[in-house]
Amino acid sequence: MTEEVDLLVIGSGAGGLSSAVVAAHLGLNVLVAEKDPQYGGTTAWSGGWMWIPRNPLAVAVGIRENIARPLSYLKHELGAQYDEARAMAFLEAAPKMVEFFKNQTALQFIDGNSIPDFHGRTTDAALGGRSICAAPFDGRQLGRHIAALKPPLPETTLWGMGIASGAELRHFLNAMRKPASFLYVTQRVLRHGCDLLLHRRGMRLVNGNALVAGLAASAFARGVEIRTSSPAKRLVVEQGRVVGAILGSPGGDVEVRARRGVVLACGGFPHDAARKKALLPHAPTGHAHWSAASRGNTGDGLRLGETAGGVVASDLVQAAALAPVSLVPQKDGSFAHFPHLIERAKPGVIAVTVRGERFTNEADSYHDFMQGLLTATPAGQPVQAWLVCDHTFMRHYGLGAAKPAPMPLGPMLRNGYIRKGNTLADLAQACGISADGLQKTVNRYNGMARKGVDEDFAKGETPYNRMQGDAAEVQRQGLSNPCMAPITRGPFYAVKLVAGSLGTFAGLKVNTRAQVLDASEQPIPGLYAGGNDMASMMGGNYPSGGITLGPAMTFGFIAAQHAAGINL
């Protein structure tokens with residue numbers, strides 16, 4: 001069978017859906033092909049945050065900065081990987097992208113005006129005003145299409161209910177301490193229960209689930225079809241131009257001709273063992289890397305691009321957006337991959353190696369944390385560590401996929417995910433780490449926590465660290481560092497961390513219009529790359545939260561306009 005469209009988008013995460021919505025708004029006939037049975041990709045599991053300097057929500061409250069400041073921050077952060085042309089293209093188009101979606105689509109935003117950049121000591125780092133997130137979205141707006149939306153990652157939810165970061169998360173953590181928070185949580189849980197009865201899933205969508213839902217609703221409203229269970233098998237190339245692709249389907253292969261081009265947005269290669277073996281030195285077999293990205297992201301887009309002459313970047317500082325991950329046992333014997341993004345900065349937890357020693361600032365970004373672990377791991381040894389806390393921390397914050405009180409801890413103890421010891425020596429034995437090393441580390445850490453100064457790794461000294469901590473809790477304990485509290489009250493708990501990621505950075509090389517480049521750095525006619533199929537403009541660096549979704553949305557916006565004959 002043969003079909004014709006103007007633009008074919010392969011992949012249904014933020015990068016692909018951004019292109020689809022903009023192209024349809026400009027009058028193009030668009031088809032989105034998704035190989036999984038549900039649409040949304042890794043974006044649907046993500047926090048949904050986007051790094052967008054000079055965004056309209058910040059400007060509206062008086063946070064104004066010249067483009068030179070974020071450009072300077074990127075220049076200092078990216079070093080040799082700094083590409084001024086791409087950086088300028090992103091910084092100039094990103095606010096326009098937000099304005100378009102805010103004014104023309106169902107997707108709306110909330111500000112992150114108090115969220116600082118990761119590296120507060122770098123020149124021109126900001127204390128806020130550079131982050132936005134998708135606003136909560138009512139899933140009922142999707143109508144029948146809600147059934148095919150990928151739900152949030154179960155391990156990060158409460159009974160399948162997504163919890164928004166910021167104020168909402170604080171309510172859930174304080175539900176057993178503050179009446180107002182208890183009331184808020186009760187109302188949320190009751191509403192979610194009603195949704196499960198009526199719709200068999202939560203309808204108040206937040207974080208990345210809200211981002212996908214807002215984009216998808218906008219796409220459907222403009223006549224875009226999101227066709228699931230439709231893997232792209234190969235590109236159709238004629239006289240050097242990409243003119244379509246062959247899609248698989250339950251009824252047989254379909255040739256889709258695309259008059260204006262094809263956008264590859266398949267989510268990179270986090271579950272492609274061969275590509276991981278080639279690009280991730282810490283995973284020499286391609287398997288010792290447990291990504292929290294969608295399991296459908298197996299490098300399809302990169303392979304398709306290479307068949308048309310595209311080149312995958314191999315010169316990045318880091319090929320993946322690293323994050324510590326714990327493996328959560330499932331009833332069928334498999335493991336879910338839980339990304340540790342939040343609790344590491346809270347007061348009363350440390351990370352140690354098998355020697356029982358700390359190795360980095362636990363409150364730094366997930367990417368920086370993993371860089372520290374990689375550096376601390378001797379050559380040839382498995383990349384692993386343990387997060388260690390006491391009973392007070394566990395019941396207040398939880399640990400990984402183990403939820404705080406009043407949720408029961410027993411199931412996570414019985415399946416071995418959480419290790420427990422009445423004393424630190426008992427815990428060390430349960431984890432297979434040095435008891436002497438752990439005791440010495442905890443003793444030293446507790447002394448520093450009482451003083452409020454981390455003399456070893458400067459925990460709690462940057463704005464990002466402090467924002468991730470809990471100032472109210474340490475004040476309640478009479479302490480001063482929002483990221484540090486003594487670990488004293490048994491029993492003690494630990495969870496094992498392994499090497500993982502939120503996605504990959506090494507994608508197809510592109511120009512400022514998101515066109516895929518060949519080995520001569522010339523654009524391949526009719527071929528674009530978006531999301532993690534596009535080589536990260538950050539060059540394998542991770543300067544701030546949202547540096548994946550921000551550029552994904554923005555270059556999707558740019559690619560669609562170029563395909564429609566508009567140059568920004």
Side-chain angles (χ1 to χ4, degrees), residues 1-36 39 41 215-216 218-220 222-249 251-267 299-310 507-511 513-518 522-534 552-553 555-568:
M1 295 184 291
T2 301
E3 299 179 26
E4 285 196 11
V5 296
D6 291 318
L7 187 69
L8 172 62
V9 177
I10 303 175
S12 62
L17 291 180
S18 173
S19 287
V21 173
V22 176
H25 176 79
L26 295 172
L28 302 190
N29 178 20
V30 183
L31 171 65
V32 176
E34 169 56 56
K35 80 171 185 180
D36 285 347
Y39 63 85
L215 287 167
S218 305
F220 294 135
R222 287 166 172 79
V224 175
E225 179 187 358
I226 300 178
R227 189 177 299 175
T228 56
S229 300
S230 298
K233 294 187 172 183
R234 65 180 176 88
L235 296 177
V236 178
V237 183
E238 295 179 355
Q239 298 179 332
R241 180 180 180 85
V242 175
V243 297
I246 305 298
L247 305 180
S249 78
D253 289 352
V254 179
E255 179 178 351
V256 178
R257 309 284 294 189
R259 291 179 285 268
R260 300 296 185 95
V262 174
V263 178
L264 299 174
C266 306
D300 300 350
L302 306 193
R303 291 189 294 273
L304 289 169
E306 287 174 323
T307 65
L508 295 161
K509 293 184 178 182
V510 298
N511 61 16
R513 296 177 293 276
Q515 293 176 283
V516 176
L517 301 177
D518 63 18
Q522 296 301 306
I524 299 169
L527 188 62
Y528 303 87
N532 287 347
D533 279 357
M534 171 181 69
M553 290 284 292
F555 283 102
F557 174 76
I558 291 171
Q561 296 195 61
H562 187 267
I566 300 171
N567 281 315
L568 290 178

Is there a side-chain contact between [X] and [Y] in this structure, where contact means two heavy atoms from C-beta onward sitting under 4.5 Å apart?
| X | Y | value |
| --- | --- | --- |
| E4 | N29 | no |
| D533 | L302 | yes |
| L527 | L304 | no |

To the nearest 0.5 Å, what is the distance between [atom1] ([X]) and [atom2] ([Y])?
| X | Y | atom1 | atom2 | answer |
| --- | --- | --- | --- | --- |
| L264 | M534 | CG | CE | 12.0 Å |
| S19 | L215 | OG | CG | 10.5 Å |
| Q522 | N511 | CD | CG | 9.5 Å |
| R227 | S249 | CZ | OG | 7.5 Å |
| K509 | D518 | NZ | CG | 11.0 Å |
| S230 | D253 | OG | CG | 10.5 Å |

Heavy-atom pair of closest approach, residues [X] and [Y]:
| X | Y | answer |
| --- | --- | --- |
| G310 | L508 | C-CD2, 4.2 Å |
| A560 | A23 | CB-N, 3.6 Å |
| A552 | G531 | CB-CA, 3.8 Å |
| P523 | L517 | N-CD2, 3.7 Å |
| A33 | L8 | CB-CD1, 4.3 Å |
| R222 | A24 | CB-CB, 3.7 Å |

With V243 via side-chain contact (heavy atoms from CB on, under 4.5 Å) - residues at least two apart: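 Partners of V243 under the side-chain contact (heavy atoms from CB on, under 4.5 Å) test: V236, E238, R241, R257.
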Test item: S218 side-chain N/O and A216 main-chain N/O as donor-acceptor pair under 3.5 Å: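 No: the side chain of S218 does not pair with the backbone of A216.
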Residue pairs fulfilling salt bridge (Lys or Arg N to Asp or Glu O under 4.0 Å) with at least one residue in residues 20-32, sequence neighbours excluded: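 Sorted result for residues 20-32: empty, none.
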Identified side-chain contact (heavy atoms from CB on, under 4.5 Å) counterpart of D6 within the set L28, L26, L31: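 Exactly one pass, corresponding to L28.
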Of R513, H562, Q515, R260, the residue whose pairing with Y528 passes side chain to side chain donor-acceptor pair (under 3.5 Å):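 It is H562, the one option of R513, H562, Q515, R260 that forms the side chain to side chain donor-acceptor pair (under 3.5 Å) with Y528.
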